[in-house]
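Please read all numbers here as calculations on a predicted model, not as lab measurements.
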Amino acid sequence: MPPEALDRNLNAMATTHPGYEIDVAETAYPASGGEGSPVPNSPFPRTIQGQADAIRRVFQAANDVVDNRGSGVLVWEPAGYQPMFRAVPGLANTWEPHASINVFNASRAKHILQDTFYTATVVGAAPRLPSSIRMLTTANNRITSVPVRWQPLPPGATDRPGEVTVTGTTRTGPVTAVIDVVPARGAYDSTIS
């Protein structure tokens with residue numbers, strides 16, 4: 001099934017049956033065979049990267065279910081797990097996961113950062129950007145603050161109304177500040193009558 005069909009089906013189920021959460025069960029994708037060509041109705045090649053991209057796309061579909069009702073993804077049908085594993089050369093009856101299986105470990109966030117901060121300032125004034133950003137640590141469900149270091153504003157960034165974006169860095173990743181620059185109280189555009 002094409003990824004877009006999965007999106008449509010999941011959202012149709014979620015809107016038709018609003019009292020239920022939705023799992024995607026027994027999903028897998030081959031990492032070899034067919035000389036690398038995609039399986040029917042799929043854009044993903046049969047390669048390790050294609051396998052990772054296909055599984056990641058299923059994760060995305062479950063994550064994007066309307067009203068946040070996609071509750072999980074269960075990987076590969078138990079009797080047909082072989083596409084996710086390969087024989088270890090030189091070791092009889094020994095199997096190892098394809099490199100793309102790391103997509104499952106990588107998809108589990110250890111820290112979730114408040115990665116966008118919204119604020120406003122008046123024309124000609126510097127915005128007040130926070131010295132720290134909130135972060136959720138998934139291991140213990142604690143919200144803490146992490147210091148953020150903001151890039152300097154571009155010259156003239158607040159000289160006229162509009163929107164300015166500034167990037168910052170933290171120990172766990174980048175953040176963005178979106179700043180609305182608004183006219184000072186009582187100011188108006190002389191072209192409006």
Side-chain angles (χ1 to χ4, degrees), residues 3-4 6-8 10-11 14-15 21-24 27 29 43-45 47-75 97-189:
E4 297 75 20
L6 177 61
D7 293 336
R8 285 192 301 273
L10 292 176
N11 285 299
T15 54
E21 291 189 350
I22 296 174
D23 283 338
V24 177
T27 186
Y29 198 82
F44 304 106
T47 62
I48 290 176
Q49 185 61 53
Q51 184 183 69
D53 293 341
I55 298 299
R56 186 179 294 116
R57 182 60 175 85
V58 174
F59 285 1
Q60 178 188 345
N63 183 71
D64 294 347
V65 173
V66 65
D67 294 332
N68 247 359
R69 295 219 322 279
S71 60
V73 176
L74 305 176
V75 183
H98 279 293
S100 66
I101 205 167
N102 188 50
V103 72
F104 308 113
N105 293 329
S107 70
R108 290 182 58 91
K110 293 180 178 64
H111 304 287
I112 301 171
L113 198 61
Q114 176 193 357
D115 63 357
T116 307
F117 174 79
Y118 296 89
T119 189
T121 191
V122 296
V123 169
R128 293 177 59 148
L129 297 177
S131 59
S132 62
I133 292 288
R134 290 179 301 163
M135 179 184 71
L136 169 68
T137 301
T138 58
N140 57 16
N141 285 329
R142 290 188 57 208
I143 295 176
T144 55
S145 294
V146 292
V148 59
R149 189 168 166 192
W150 298 103
Q151 296 293 318
L153 281 174
T158 64
D159 288 353
R160 61 179 149 272
E163 186 178 274
V164 178
T165 302
V166 178
T167 57
T169 54
T170 71
R171 64 181 165 84
T172 57
V175 293
T176 302
V178 178
I179 305 155
D180 284 327
V181 181
V182 298
R185 178 177 269 186
Y188 63 93
D189 187 340

To the nearest 0.5 Å, what is the distance between [atom1] ([X]) and [atom2] ([Y])?
X	Y	atom1	atom2	value
Asp67	Asn11	CG	CG	9.0 Å
Leu10	Asp64	CG	CG	10.0 Å
Thr116	Ile133	OG1	CD1	9.0 Å

Can you name the nearest heavy-atom pair linking [X] to [Y], along with the distance?
X	Y	answer
Ala62	Val24	CB-CG2, 4.3 Å
Pro174	Leu113	O-CD2, 3.8 Å
Ile22	Ala14	CD1-N, 3.5 Å
Phe44	Pro3	CE1-CG, 3.9 Å
Val65	Gly70	CB-N, 3.6 Å

Write out all pairs satisfying salt bridge (charged side-chain N to carboxylate O under 4.0 Å, His left out) with one or both partners inside residues 156-171, taking only residues at least two apart or from two chains.
none

Which pairs pass side chain to side chain donor-acceptor pair (under 3.5 Å) with one or both residues in residues 118-137, sequence neighbours excluded?
His111-Thr137, Gln114-Arg134

Under the side-chain contact (heavy atoms from CB on, under 4.5 Å) test, residues paired with Leu74 that sit two or more places apart:
Ala25

What residues, two or more places apart in sequence or in another chain, satisfy side chain to side chain donor-acceptor pair (under 3.5 Å) together with Ser71?
Asp23

If the condition is side chain to side chain donor-acceptor pair (under 3.5 Å), which residues does Arg57 pass it with, not counting sequence neighbours?
Asp7

Is there a side-chain contact between Leu153 and Pro127, using heavy atoms and a 4.5 Å cut-off?
yes

If you look only at distance, which donor and acceptor atoms sit under 3.5 Å apart when one is on a side chain in residues 140-150 and the other is two or more places apart or in another chain?
from   : atom 1 : to     : atom 2 : distance (Å)
Asn140 : OD1    : Arg142 : N      : 3.0
Trp150 : NE1    : Pro130 : O      : 2.7

